[in-house]
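What you see is a predicted model, and the numbers here were worked out from it, not measured in a lab.
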Amino acid sequence: QVQLVESGGGSVQAGGSLRLSCAASGLTFGRYAMGWFRQAPGKEREFVAGITWSGATTYYHDSVKGRFTISRDNAKNTVYLQMRSLKPEDTAVYYCAADSIVVPSKTPTAYDYWGQGTQVTVSS
């Protein structure tokens, strides 16, 4: 049974930092591209960042470029999202997802597996 478990969410003030983790089990982690998405109340789920199987290439939504960094440790079956210079508009539930292709898609429906999400709240 595949499980993706996010952790590291919380409440911070604008300008602060958080590091999200997503631990995967039940799949050959190194064969999956990984993505982070977020969903704010009343809004659609949106792509935040993605990383290829090997971790060699990363992709970001324009709104987080230069502030967020996605990385992975295939030995630990874990993907991370380091978030810096957080803004109130970053407030959302953050989800990690696994996609069984090399290059991560920006489309949520392309992903095979999802975590339950972790809340990130940024106050001004």
Side-chain angles (χ1 to χ4, degrees):
Q1 180 180 358
V2 175
Q3 283 192 311
L4 302 178
V5 180
E6 301 98 336
S7 61
S11 297
V12 296
Q13 291 192 328
S17 299
L18 284 173
R19 187 195 195 204
L20 305 183
S21 299
C22 171
S25 60
L27 75 170
T28 305
F29 184 71
R31 294 291 188 181
Y32 283 78
M34 298 298 295
W36 284 98
F37 288 76
R38 66 188 180 188
Q39 189 165 18
K43 294 188 177 181
E44 293 187 351
R45 192 167 297 191
E46 69 173 1
F47 174 82
V48 175
I51 190 166
T52 54
W53 289 3
S54 67
T57 307
T58 56
Y59 305 85
Y60 298 94
H61 189 280
D62 285 347
S63 66
V64 307
K65 283 181 181 177
R67 300 189 299 122
F68 291 10
T69 303
I70 187 172
S71 62
R72 67 189 295 162
D73 185 337
N74 286 352
K76 295 183 178 180
N77 287 3
T78 302
V79 62
Y80 305 95
L81 185 68
Q82 177 68 53
M83 304 186 294
R84 297 183 176 88
S85 301
L86 283 161
K87 304 175 181 180
E89 52 263 44
D90 294 318
T91 295
V93 177
Y94 283 70
Y95 300 88
C96 70
D99 188 356
S100 58
I101 59 173
V102 176
V103 177
S105 172
K106 296 182 179 180
T107 304
T109 54
Y111 286 76
D112 301 302
Y113 303 105
W114 289 86
Q116 293 299 307
T118 186
Q119 177 70 46
V120 172
T121 303
V122 184
S123 57
S124 57

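- A donor atom on one side chain and an acceptor atom on the other are not found under 3.5 Å apart for Asp99 and Ser105.
- Summarising the geometry, atom CE belonging to Met34 is positioned 9.5 Å from atom CG belonging to Asn74; distances are rounded to the nearest 0.5 Å.
- Closest heavy-atom contact between Thr78 and Ser21: CG2-CB, 4.3 Å.
- Expressed to the nearest 0.5 Å, how far OG1 of Thr58 lies from CZ of Arg72 amounts to 12.0 Å.
- Across all non-hydrogen atoms, the minimal contact from Tyr32 to Asp112 is CE2-OD2, 3.9 Å.
- Aromatic pair Phe37/Tyr111: ring centres closer than 6.0 Å.
- For the atom pair CD1 of Ile51 and OH of Tyr80, the computed distance is 11.0 Å after rounding to the nearest 0.5 Å.
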Test log, rule side chain to side chain contact (heavy atoms under 4.5 Å, CB included), inputs Met83 and Leu20: CA-CA 8 Å; Met83 304 186 294; Leu20 305 183; 3.7 Å; yes
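- If you take CG on Leu4 and CG on Asn77, they are separated by 10.0 Å, rounding to the nearest 0.5 Å.
- Both Val102 and Phe47 belong to a common hydrophobic cluster when Ile, Leu, Val, Met, Phe, Trp and Tyr are linked at side-chain heavy-atom distances under 4.5 angstrom.
- The nearest pair of heavy atoms linking Gly30 to Trp53 is O-CB, 3.4 Å.
- Leu18 CG to Thr118 OG1: the interatomic distance, rounded to the nearest 0.5 Å, is 8.5 Å.
- Shortest non-hydrogen contact noted between Thr69 and Tyr60 is CA-OH, 3.3 Å.
- For the pair Val103 and Ile101, the tightest heavy-atom approach, listed with the atom from each and the gap, is O-CD1, 3.0 Å.
- To the nearest 0.5 Å, the span separating OH on Tyr113 from SG on Cys96 amounts to 13.5 Å.
- Under a cut-off of 6.0 angstrom, the local environment of CD in Gln116 is sparse, with at most 12 non-hydrogen atoms contributed by other residues, nucleotides or ligands.
- Under a hydrophobic clustering in which Ile, Leu, Val, Met, Phe, Trp and Tyr are joined whenever their side-chain heavy atoms come within less than 4.5 Å, directly or via other members, Phe29 and Val2 fall into the same cluster.
- Counting heavy atoms from C-beta on, the side chains of Thr52 and Pro104 come closer than 4.5 Å.
- Listed by first and then second residue, the side chain to side chain donor-acceptor pair (under 3.5 Å) pairs involving residues 83-94 are Arg38-Asp90, Arg38-Tyr94, Arg67-Asp90 (not counting sequence neighbours).
- Two different hydrophobic clusters hold Val93 and Phe68 under the rule that ILVMFWY side chains link at heavy-atom gaps under 4.5 Å.
- Contact between Pro108 and Trp114 at its shortest, heavy atoms only, is O-CZ2, 3.3 Å.
- Note on Ile70 and Val64: same hydrophobic cluster, where clusters join Ile, Leu, Val, Met, Phe, Trp and Tyr whose side-chain heavy atoms are under 4.5 Å apart, directly or indirectly.
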